[in-house]
Peer 1: 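Following this message is one structure expressed as structure tokens.
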Amino acid sequence: MGIYVNPGNVSFEMARFSNIYVDKSMLISKINTLYKTEKRFVCVSRPRRFGKSMAANMLSAYYSCGCDSKKLFSGLKIEKNPSFQEHLNRHNLIRIDVQRFLDTEKDIDTFTDEIEISVISELLAEFPDCTGFETGSKLKAALDQIFLQTSRGFIFIIDEWDCVFRIARNRKDEQKKYLDFLRGLFKDCAYAELVYMTGILPIKKYGEHSALNVFDEYSMIAPKNLGEYFGFTNEEVSEQCEKQGMDYAETEKWYDGYRLGNLHIYNPKSVADALTWNEFQSYWTGTETYEALKIYIDMNFDGMKEAVTMMLGGGRCKINPRRFQNDMTTFKTRDDVLTLLVHLGYLTYDKKTEEVLIPNLETAQEFLDAADGTEWNGLVQALNRSEQLLKSTWALNGKEVAEGIACIHNETASVLKYNSENSLACAVLIAYYSAKAYYLNPVLEMPSGKGFADVMYLPRRNSDYPALVIEMKWNQSAEGAIKQIKEREYLSWVQGYTGDIILAGINYNKEKKVHECIIEKFEKK
């Protein structure tokens, strides 16, 4: 048993017997199907705090012939899978945590050499009868010799594979040298039976091409069939909340919202922390400071501030993630920055609509902290007005709502283009920011620049708040907005809702420079 070659299972053992443990062992069954196939090169990228290392530790404990993990997997779902016994602790395995060799940028010139020296040193001890390599040999050459002489290959588990691109962001030559090292290690190699790499970023692209094109990528943009293993599912969180006596609805509000295909995924580290400490809050700053987010949202790309403002209010922003170069410095458009924020976990991506949004209260709090400065003048003040405006809406007080939206529209004028339909939509979304605490994410038909914006809020489960249906007009009338809700049967969308429904018509009169609002309670027949 070594540190890198055929390691033990202590890391997985600590996770397995923690107070809060969610069984993700069926990931093994998915990976087993790729063993010794052309699809055996796997790169899984997901944000920090989303269980990357835990999954790597589990796979290492399962495959490594340097330990006996039968008891650790006892009672887990994978135990009943037909492939379980076939691979359990039967493989030579090399486990590399790249960050272990790259603590700071000063290590960038030597870390691949250190990886090779460390791994070859253990290979010499593990395979004393094999010849043709020694300390100072290239790792690929050593592995070729071992395979040639033993006919046994290796499974590779590589964690934090992308830390080079995060620690040495601007060292392009060294980044390329590292990618060449990985390409040389895995290109046309008979000894690689399976390679599982994990990190935050997908594989770096040069132009439109991946530098390691033998790998299939599974990411927050394209999780493929591994989405349920990226975080906790609704059923898993519900079960843990019941065990710990925590409010499931509140947990959902704070940490749910990551969309991976048809799945809704929770941030696993934050859920575990909330259940451990019995407190709902943002646990993001335990590993990432808000300054990291602030750097990206302050970038002066056209429409960036407007997009963030829209999303803070529950809106969405359409993006094209395909041009992103998979690093933290090559930004040509707003879409590149927003795509990076998906990979970092600050945003989530809805593949059906090709839109990004802020997933939950935890990440919304991080955006608020990052936006609290002169570059975002007025936005935080506008958000602070939201709670009173929501109460005025419930009270059917159109005059107060109109005055509140006017203030918010004025306060966000430095961020938004004031005289546009889109700015009114953003202002209304920010005005109802506090609805996040009581309602599901708003259902939107956002303006295209010539049309209108409808907003519908449905209450969260087990609450008595009324549904809200809001229609906005630009240079028309609030009466016309209410009439349109009724005549175009917008309420058919919520016809199955059994509680109260409030209609709000909001208009901005550009000539008079005034906001108008009419609110009424919908009387069901």
Side-chain angles (χ1 to χ4, degrees), residues 2-7 27-45 52-53 55-67 83 86-98 100-101 111-127 130 132-133 137-162 164 177-199 202-204 210-218 224 226:
I3 297 173
Y4 311 106
V5 179
N6 297 334
L27 170 64
I28 294 170
S29 70
K30 300 283 189 182
I31 303 302
N32 281 348
T33 65
L34 308 177
Y35 175 72
K36 281 191 173 181
T37 71
E38 291 186 350
K39 294 292 186 180
R40 68 190 185 279
F41 297 97
V42 177
C43 182
V44 178
S45 60
K52 296 186 300 296
S53 295
N57 292 336
M58 178 182 70
L59 292 171
S60 179
Y62 173 70
Y63 288 118
S64 174
C65 64
C67 56
S83 69
E86 180 183 353
H87 297 284
L88 178 62
N89 300 132
R90 297 194 178 200
H91 297 277
N92 286 320
L93 184 135
I94 294 176
R95 167 81 156 87
I96 300 172
D97 182 345
V98 179
R100 189 183 184 112
F101 297 90
F111 83 101
T112 54
D113 295 334
E114 292 297 326
I115 289 174
E116 292 195 294
I117 290 169
S118 298
V119 175
I120 288 176
S121 174
E122 291 193 8
L123 288 173
L124 287 167
E126 189 77 12
F127 301 93
C130 290
F133 68 96
S137 296
K138 288 297 181 181
L139 181 55
K140 181 179 178 62
L143 294 169
D144 278 335
Q145 286 300 318
I146 293 171
F147 182 72
L148 179 66
Q149 296 171 48
T150 67
S151 298
R152 294 188 64 189
F154 290 83
I155 288 177
F156 294 81
I157 306 292
I158 302 178
D159 197 12
E160 300 285 357
W161 86 271
D162 64 325
V164 177
K177 179 183 174 183
Y178 169 60
L179 289 172
D180 288 341
F181 165 71
L182 292 177
R183 186 191 295 108
L185 191 59
F186 297 126
K187 184 176 175 59
D188 300 325
C189 58
Y191 55 72
E193 299 174 334
L194 176 70
V195 181
Y196 180 93
M197 289 201 318
T198 186
I203 292 171
K204 166 69 180 170
S210 169
L212 294 171
N213 56 14
V214 296
F215 281 84
D216 284 316
E217 295 189 272
Y218 303 75
K224 300 184 173 74
L226 297 186

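Position 1 is the first residue of the sequence; numbering continues from there. Heavy-atom basis, side chains included; hydrogens, waters and symmetry copies ignored.
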Peer 1: Just checking, any donor-acceptor pair under 3.5 angstrom between side chains of Asn213 and Arg183?
Peer 2: no

Peer 1: Give, for atom CD1 of Ile155 and atom CG of Leu93, the distance between the pair rounded to the nearest 0.5 Å.
Peer 2: 6.0 Å

Peer 1: Checking Glu126 now: which residues fulfil side-chain hydrogen bond (donor to acceptor under 3.5 Å, both in side chains) with it, not counting sequence neighbours?
Peer 2: Asn6

Peer 1: Does Leu123 reach the side chain of Leu139, with side-chain heavy atoms less than 4.5 Å apart?
Peer 2: yes

Peer 1: I would like to know whether Ile3 and Arg100 meet side chain to side chain contact (heavy atoms under 4.5 Å, CB included); could you show each step before the answer?
Peer 2: CA-CA 11 Å; Ile3 297 173; Arg100 189 183 184 112; 4.0 Å; yes

Peer 1: Measure the shortest side-chain to side-chain distance between Leu88 and Tyr62 over non-hydrogen atoms and say whether it is less than 4.5 angstrom.
Peer 2: yes

Peer 1: Any donor-acceptor pair under 3.5 Å linking the side chain of Asn89 with the backbone of Cys65?
Peer 2: no

Peer 1: Which heavy atom in Pro7 sits nearest to a heavy atom in Ser60, and how many Å separate them?
Peer 2: CG-OG, 3.5 Å

Peer 1: Run the numbers on Phe133 and Ile146 for side chain to side chain contact (heavy atoms under 4.5 Å, CB included), then give the verdict.
Peer 2: CA-CA 9 Å; Phe133 68 96; Ile146 293 171; 3.8 Å; yes

Peer 1: With heavy-atom distances below 4.5 Å as the criterion, would you say the side chains of Glu193 and Arg40 are in contact?
Peer 2: no

Peer 1: Could you go through the side chain to side chain contact (heavy atoms under 4.5 Å, CB included) check for Asp159 and Arg95 one step at a time?
Peer 2: CA-CA 8 Å; Asp159 197 12; Arg95 167 81 156 87; 3.4 Å; yes

Peer 1: For Gln145, which residues count as a side-chain hydrogen bond (donor to acceptor under 3.5 Å, both in side chains) partner, sequence neighbours excluded?
Peer 2: Gln149

Peer 1: Where do Asn92 and Val5 land on the side chain to side chain contact (heavy atoms under 4.5 Å, CB included) test, with the steps shown first?
Peer 2: CA-CA 7 Å; Asn92 286 320; Val5 179; 6.0 Å; no

Peer 1: Working to the nearest 0.5 Å, report the span between NE2 of His91 and CZ of Arg152.
Peer 2: 9.0 Å

Peer 1: Under the rule for salt bridge (Lys or Arg N to Asp or Glu O under 4.0 Å), what residues qualify as partners of Lys187, not counting sequence neighbours?
Peer 2: none

Peer 1: Between Phe147 and Ala190, what is the shortest heavy-atom contact and its length?
Peer 2: CE2-CB, 3.5 Å

Peer 1: Quick check on Lys138: does its NZ atom have over 12 non-hydrogen neighbours (other residues, nucleotides or ligands) under 6.0 Å away?
Peer 2: no

Peer 1: Taking all non-hydrogen atoms of both residues, which atom of Pro202 and which atom of Trp161 are closest, and how far apart?
Peer 2: O-CZ2, 3.6 Å

Peer 1: Report yes if the side chains of Leu34 and Tyr196 come closer than 4.5 Å at any heavy-atom pair, otherwise no.
Peer 2: no

Peer 1: First locate atom CG of Leu179, then atom NZ of Lys177, and finally report the distance between them rounded to the nearest 0.5 Å.
Peer 2: 12.5 Å

Peer 1: Considering all heavy atoms of both residues, which atom of Asp162 and which atom of Gly199 are nearest to each other, and what is their separation?
Peer 2: OD1-CA, 3.3 Å

Peer 1: Taking Thr198 for its side chain and Val44 for its backbone only, find out whether a donor-acceptor pair lies under 3.5 Å.
Peer 2: yes

Peer 1: Take the angle between the ring planes of Phe154 and Phe127 and call it parallel below 30°, perpendicular above 60°, tilted in between.
Peer 2: perpendicular

Peer 1: Without swapping roles, check the side chain of Glu160 against the backbone of Val98 for a donor-acceptor pair under 3.5 Å.
Peer 2: no

Peer 1: Starting at OG of Ser64, measure out to CD1 of Ile157 and round the result to the nearest 0.5 Å.
Peer 2: 10.0 Å

Peer 1: Flag the pair Leu185 / Leu143 as yes when at least one side-chain heavy-atom distance between them is below 4.5 Å, and no otherwise.
Peer 2: yes

Peer 1: For the residue pair Tyr218 and Val42, establish whether any side-chain heavy-atom pair is separated by less than 4.5 Å.
Peer 2: yes

Peer 1: Can you classify the ring geometry of Phe101 versus Tyr4 as parallel (below 30°), tilted (30 to 60°) or perpendicular (above 60°)?
Peer 2: tilted

Peer 1: Would you call Asn32 and Tyr63 a side-chain contact if the rule is heavy atoms closer than 4.5 Å?
Peer 2: yes

Peer 1: Determine the interplanar angle of the Phe186 and Phe215 rings, folded into 0 to 90°, and report it as parallel if under 30°, tilted if 30 to 60°, perpendicular if over 60°.
Peer 2: perpendicular

Peer 1: Distance check, rounded to the nearest 0.5 Å: Glu217 atom CD versus Phe41 atom CZ?
Peer 2: 14.0 Å

Peer 1: Hey, is the main chain of Ser45 close enough, under 3.5 Å, to the side chain of Lys52 for a donor-acceptor pair?
Peer 2: no

Peer 1: So which heavy atom on Ala61 is nearest to which on Cys67, and how close?
Peer 2: O-SG, 3.8 Å

Peer 1: Is any side-chain heavy atom of Met197 closer than 4.5 Å to a side-chain heavy atom of Phe156?
Peer 2: no

Peer 1: Quick one: pull up CD1 in Ile115 and CD1 in Ile94 and give me the separation to the nearest 0.5 Å.
Peer 2: 11.5 Å

